[in-house]
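Working notes, beginning with the structure itself.
Below, read A as the first sequence line, B as the second, and so on, with proteins coming before strands; counting in each chain starts at 1.
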2 protein chains.
Amino acid sequence: MSDITAPPRPLAAPRKRNAEATRAAILEAAKSHFAVLGYDCAILRDIARDAGVDVALVKRYFGGKEALFVEALRASFLSDALRTWDRATFARDMANMLAGSPHADEDRTHRFQFLLRAATSPNTAPLLNVLVQDRFLEPIRSWLGGADADARARVLAASYIGFLVERLIRGEALVGRERDVFVDRVTVIFDALLSEPVGSI
Amino acid sequence: MSDITAPPRPLAAPRKRNAEATRAAILEAAKSHFAVLGYDCAILRDIARDAGVDVALVKRYFGGKEALFVEALRASFLSDALRTWDRATFARDMANMLAGSPHADEDRTHRFQFLLRAATSPNTAPLLNVLVQDRFLEPIRSWLGGADADARARVLAASYIGFLVERLIRGEALVGRERDVFVDRVTVIFDALLSEPVGSI
DNA sequence: CCCCGAAGTCAATAGGCGTTGACATGTCCG
DNA sequence: CGGACATGTCAACGCCTATTGACTTCGGGG
């Protein structure tokens with residue numbers, strides 16, 4: 001279906017028989033493939049080949065493609081970085097991160113690519129609802145606190161996603177005046193989202 | 001591949017033999033399907049069925065799936081919708097559209113869904129580079145005008161995309177107070193992006 | 001040392017989809 | 001009126017993929 005060649009991944013040296021290791025290898029390859037190609041275009045055979053195993057083992061260890069996907073998605077969202085943010089500087093820090101730096105967090109980008117691809121395929125979008133709710137929206141919500149935290153979390157998450165997409169498309173980090181303008185604008189947005197509603201909105 | 005049922009589309013009354021009309025019908029159905037399901041999950045047979053024609057005609061009139069997709073993509077961006085937006089009400093209109101509603105501009109949402117889905121599939125992403133630059137970023141940039149239009153267009157597009165993704169994940173339209181809060185917040189954001197930079201920023 | 005279950009391999013199956021070319025039929029011009 | 005070309009229909013092909021179950025091999029405990 002896809003004419004895109006499989007993602008680069010060094011084929012591991014032949015393992016001794018080890019269920020846990022092969023399971024992990026499959027999961028790792030799956031995360032990579034699903035992130036780059038999306039659920040629909042990712043091919044179990046290729047994933048298995050990169051993991052250095054036979055396709056049938058995917059069934060044995062995970063049950064099927066969809067189950068493997070869910071597992072890979074879960075595994076990609078283990079770390080919860082949100083609680084370490086400082087509310088006072090959150091907006092500007094976030095803006096700076098989104099503007100990009102030469103030493104940007106590769107892992108974060110990768111994980112997010114996964115999320116985005118999963119969100120935009122009709123096959124996997126339904127699976128995402130729960131996960132996003134539990135591991136993304138809910139943390140943001142409780143971190144925000146205050147009135148209408150739910151709706152505000154929604155907007156915050158949406159903005160965050162949008163800038164990450166833009167970052168992915170853009171590729172390179174911003175510099176100079178363009179960066180300054182970008183950071184200022186984004187800071188305003190996130191600051192507005194942190195504040196509680198005023199008046200009778 | 002997809003367990004999503006085909007999008008609702010009234011099957012047209014049987015036409016007289018008319019090449020132009022059937023071609024248009026196929027294209028219309030294709031736009032809808034590609035927007036909702038994406039390139040990979042859209043099925044030619046379903047598109048043809050919605051258009052009320054046989055699959056083979058897709059080949060006759062367009063040559064193949066990919067050619068049909070390109071044509072549909074082009075057709076979806078023919079009308080330049082941006083210029084019709086009223087700057088005064090832009091922010092709130094946009095926010096309402098993103099919140100979702102039965103009476104929202106279904107067509108516009110469709111077009112951008114189309115764009116997003118096309119951008120996130122490895123099969124179709126390469127086709128998009130020029131299109132996005134010419135028909136998306138550049139129009140926004142010139143529509144915004146003023147100082148630092150480039151960076152502001154970047155932020156606007158990013159926000160837009162973010163809310164679009166959030167809408168896709170969310171699925172259903174917001175209602176009640178949650179919707180009000182959402183709309184107000186988003187309105188603030190877009191309003192901020194419309195304004196020119198102040199001071200020495 | 002041997003055997004039994006776990007780990008890994010293999011080939012076949014079933015279903016879906018894009019594509020294709022032969023066939024039927026309506027419409028219009030001479 | 002009648003044939004010819006455009007339009008529309010049909011069935012089948014070929015390829016790809018997930019899935020499945022039977023088979024083989026390793027490796028450790030009795």
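Atom CZ in Arg23(A) sits about 16 Å away from atom C1' in dG8(C), given to the nearest Å. Counting to the nearest Å, the P atom of dC16(D) and the CG atom of Asp40(A) are 18 Å from each other. In this structure, His33(A) places its NE2 atom 12 Å from P of dA18(D), rounding to the nearest Å. Put simply, OH on Tyr61(B) is 18 Å from P on dT19(C), counting in whole angstrom units. Per the geometry, CG belonging to Asn123(B) stands 14 Å off C1' belonging to dC17(C), to the nearest Å. Protein atom CZ of Arg49(B) is 11 Å distant from nucleotide atom P of dC17(C), rounded to whole Å. Counting to the nearest Å, the P atom of dA7(C) and the CD1 atom of Ile26(A) are 12 Å from each other.
Here Lys31(A) pairs with Glu28(A) under the salt bridge (charged side-chain N to carboxylate O under 4.0 Å, His left out) rule; sequence neighbours left out. Checked against side chain to side chain donor-acceptor pair (under 3.5 Å), Thr120(B) has the following partners two or more places apart in sequence or in another chain: Thr120(A). Taking Asp54(B) as the reference, Ala56(B) meet the side-chain contact (heavy atoms from CB on, under 4.5 Å) condition, with sequence neighbours excluded.
Across dC17(C), dG8(D), dT9(D), the shortest atom-to-atom separation from the side chain of Ile43(B) is found for dC17(C). Among dA7(C), dG18(C), dT19(D), the nucleotide with an atom closest to any side-chain atom of Leu44(B) is dG18(C).
Counting non-hydrogen atoms under 4.0 angstrom, Leu57(A) reaches a base of the nucleic acid. Ala56(A) comes within 4.0 angstrom of a base, heavy atoms only. Residue contacts for Val58(B): at a heavy-atom cut-off of 4.0 Å it reaches no nucleic acid atom on any strand shown. Contacts of Ala48(A) with the nucleic acid, taken as non-hydrogen atoms under 4.0 Å apart, are absent.
The OG atom of Ser121(A) sits 10.5 Å away from the CG atom of Leu128(A) when rounded to the nearest 0.5 Å.
Within the 4.0 Å cut-off from OP1 or OP2 of dT20(C), at least one side-chain nitrogen or oxygen of Lys59(B) is found. Remark: Thr22(A) is not in phosphate contact with dA7(C), judged by side-chain N or O atoms under 4.0 Å from OP1 or OP2.
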Only pairs under 3.5 Å count here: list side-chain donor-acceptor contacts from residues 62-72 of chain A, not counting sequence neighbours, and write none if there are none.
| from | atom 1 | to | atom 2 | distance (Å) |
| --- | --- | --- | --- | --- |
| Lys65(A) | NZ | Tyr39(A) | O | 3.0 |
| Lys65(A) | NZ | Ala42(A) | O | 2.8 |
| Glu71(A) | OE2 | Arg23(A) | NH2 | 3.0 |

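No N or O donor and acceptor, one from the side chain of Arg45(B) and one from the base of dG16(C), sit under 3.5 Å apart.
The aromatic rings of Phe163(B) and Phe182(B) sit perpendicular, their planes meeting at an angle over 60°, well past the 30° parallel limit.
Taking a 4.0 Å limit (strictly below) on heavy-atom distances, residues 63-72 of chain A reaches DNA chain D at Gly64(A), Lys65(A).
For the residue pair Arg167(B) and Met97(B), the shortest heavy atom distance occurs at NE-O, 4.5 Å.
For Asp54(B) and Glu20(B), each mapped to the nucleotide of DNA chain D holding its nearest heavy atom, the one lying further toward the 5' end belongs to Glu20(B).
Comment: Asp191(A) does not engage Arg92(A) in a salt bridge, judged by the lack of any side-chain N to carboxylate O separation of less than 4.0 angstrom. Under 4.0 Å is where a charged nitrogen must lie from a carboxylate oxygen, and between Asp148(B) and Arg185(A) no such pair does. A salt bridge links Asp46(A) to Arg49(A): at least one charged side-chain nitrogen sits closer than 4.0 Å to a carboxylate oxygen.
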Scoring nucleotides 23-30 of chain C by protein non-hydrogen atoms under 4.0 Å (B base, S sugar-phosphate only, - none) yields --BBS---
